[in-house]
2 protein chains.
Amino acid sequence: MDSTIGLRERKKAETRQAVHEAALRLAVERGLDNVTVEAIADAANISRRTFSNYFDGKEDAVLYGDEQRLRELVRRVAEQPPERTAWQALRGALRDFYHDSGSPDRDWVQRSKLVKRHPSLLARQLAGHARLESELSQALAGRPQPHGVEPRVIIAVFLVALRIGTQRWVNEPETGTLLEMMDQVLDQLARPFE
Amino acid sequence: MDSTIGLRERKKAETRQAVHEAALRLAVERGLDNVTVEAIADAANISRRTFSNYFDGKEDAVLYGDEQRLRELVRRVAEQPPERTAWQALRGALRDFYHDSGSPDRDWVQRSKLVKRHPSLLARQLAGHARLESELSQALAGRPQPHGVEPRVIIAVFLVALRIGTQRWVNEPETGTLLEMMDQVLDQLARPFE
DNA sequence: GTGCAAAGTTTCTCACTGTGCATGTACGTT
DNA sequence: AACGTACATGCACAGTGAGAAACTTTGCAC
């Protein structure tokens with residue numbers, strides 16, 4: 001299935017992944033501030049300059065896994081039955097995603113904890129979410145919206161739920177599944193309030 | 001009323017403001033990427049080293065006005081009658097704020113347009129919002145929440161409305177007042193949806 | 001296979017940034 | 001007036017991001 005794409009692209013993807021993993025590992029081991037781009041590049045066996053060809057900075061390198069996850073989520077959103085509302089599609093995609101992926105991977109937990117400790121990571125992560133909003137708009141185009149809430153608004157609210165759910169789950173992992181935490185927030189958000 | 005605070009603090013505030021204004025002006029004139037910290041420092045008659053004593057980077061310097069605005073909003077939230085729900089307090093504070101301030105100032109519009117053009121500014125701005133959430137939690141402590149939606153969630157949703165409303169207003173200023181745009185989004189958010 | 005163009009990597013370079021440190025200066029307090 | 005403290009400055013230095021040029025690998029046509 002991926003034999004259609006050439007060796008070139010495959011290698012690039014591998015390198016990018018390797019750089020990401022090196023960045024994440026080093027950041028967890030030493031703390032992000034004590035990791036230089038050069039150290040990451042060394043660990044991934046590339047030059048410092050090449051690092052810049054792949055990522056805009058160490059923050060982006062660390063968060064690349066998140067980006068992948070979210071792209072996967074967007075893909076699943078687009079695959080949701082078109083008669084569903086935007087909200088239903090988003091929640092459905094989220095459920096599918098966590099159902100298929102099983103429990104969240106170690107790396108993802110590590111990234112979340114890093115984000116909690118390093119404001120610069122939070123900044124990049126939120127910027128990434130903002131960029132994602134337009135892509136999600138595409139995936140939600142042409143769906144019914146019986147309640148009259150615009151897709152743009154729905155999407156932003158949905159991402160808020162992901163963020164709060166994640167933060168909450170990282171802070172108190174005993175309380176429930178990640179999906180449960182997110183669902184809990186999502187339920188609140190869909191409810192009317194004053 | 002501010003004669004109680006010393007000359008020292010007043011000077012500091014003036015310098016910070018001057019640096020901010022210089023940063024904003026230069027960023028608007030040349031584009032953020034073509035403005036060095038040194039140029040900002042020169043324009044504000046301070047040394048490059050001193051710039052770093054005031055701000056963590058040019059982005060923060062440009063966005064300082066936003067920070068002030070939001071602090072003012074938080075202050076007004078805390079002053080809302082305590083029998084109001086968190087949501088009512090937030091909306092009330094917003095209304096008061098824009099009622100008193102009159103139409104939004106030029107600088108604010110310029111900053112919003114800059115944020116639209118420069119992702120690094122968006123990142124910092126969103127990180128600032130995230131930092132603000134805890135302060136708003138304080139200002140909303142102990143209020144009734146009849147609908148069972150947690151303050152944390154309310155706050156995040158509220159900030160989403162500010163962001164979307166602002167973006168929308170910057171993109172199409174003819175459609176209505178900034179406050180109207182925000183209210184429009186806020187109305188949608190308080191409504192139930194599926 | 002051979003050869004060639006395109007894409008990717010590396011090395012070198014340079015302007016810019018952030019911060020620790022030592023020193024000088026202005027403020028506030030007594 | 002005098003002293004301690006907070007702040008500003010200049011300097012040094014490690015780290016960063018990006019352009020340019022040389023070199024290597026990949027994709028493709030023959």
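Labels below follow one simple rule: chain letters A, B, ... track the order of the sequence lines, proteins then strands, and each chain is numbered from 1.
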_Donor-acceptor pair present, A:Arg49 side chain and C:dG8 base, under 3.5 Å_ = no
*Nearest-Å distance, CD1 (A:Ile46) to C1' (C:dT11)?*
14 Å
_Interatomic distance, B:Phe51 CZ vs D:dG10 P [rounded to whole Å]_ = 16 Å
*Find the distance A:Asn34:CG to D:dT16:P and express it as a whole number of Å.*
11 Å
*Is the closest basic N to carboxylate O distance between A:Glu67 and A:Arg71 below 4.0 Å?*
yes
*Base, sugar-phosphate, or nothing for B:Asn53, non-hydrogen atoms under 4.0 angstrom?*
base
*Pair of N/O donor and acceptor under 3.5 Å linking D:dG15 base with A:Arg48 side chain*: no
*Kindly say if B:Tyr54 contacts the phosphate of D:dC7, meaning a side-chain N or O under 4.0 Å from OP1 or OP2.*
no
*Please report, rounded to the nearest Å, how far the C1' atom of D:dT9 is from the CG atom of B:Asp42.*
13 Å
*Is any side-chain nitrogen or oxygen of A:Thr36 closer than 4.0 Å to OP1 or OP2 of D:dG15?*
no
*Closest-nucleotide ordering on DNA chain C, the 5'-leading residue of B:Leu7 and B:Lys58*: B:Lys58
*Output the distance between atom CD (B:Gln125) and atom CZ (B:Arg111), rounded to the nearest 0.5 Å.*
9.0 Å
_Phosphate OP1/OP2 of C:dC27: any B:Lys11 side-chain N/O under 4.0 Å_ = yes
*Please give, in whole Å, the distance from C:dA6 C1' to A:Arg8 CZ?*
6 Å
*Round to a whole Å and report the spacing from CZ of A:Arg16 to P of C:dT9.*
9 Å
_Side-chain heavy-atom pair B:Leu90, B:Leu136 within 4.5 angstrom cut-off_ = yes
*asked:* OP1 or OP2 of C:dT10 versus the side-chain N and O atoms of A:Thr50: is any pair under 4.0 Å?
replied: yes
_Between P of D:dC11 and CD of B:Glu38, the distance in whole Å_ = 12 Å
*What's the CD-P distance between A:Glu9 and D:dG27, to the nearest Å?*
9 Å
*Respond yes when some side-chain nitrogen or oxygen of B:Lys12 is under 4.0 Å from OP1 or OP2 of D:dC7, and no when none is.*
yes
*Is there side-chain contact between A:Val62 and A:His118, with heavy atoms separated by less than 4.5 Å?*
no
*asked:* Given 3.5 Å as the limit, does a donor-acceptor pair link the side chain of B:Gln145 with the main chain of B:Ala86, or not?
replied: no
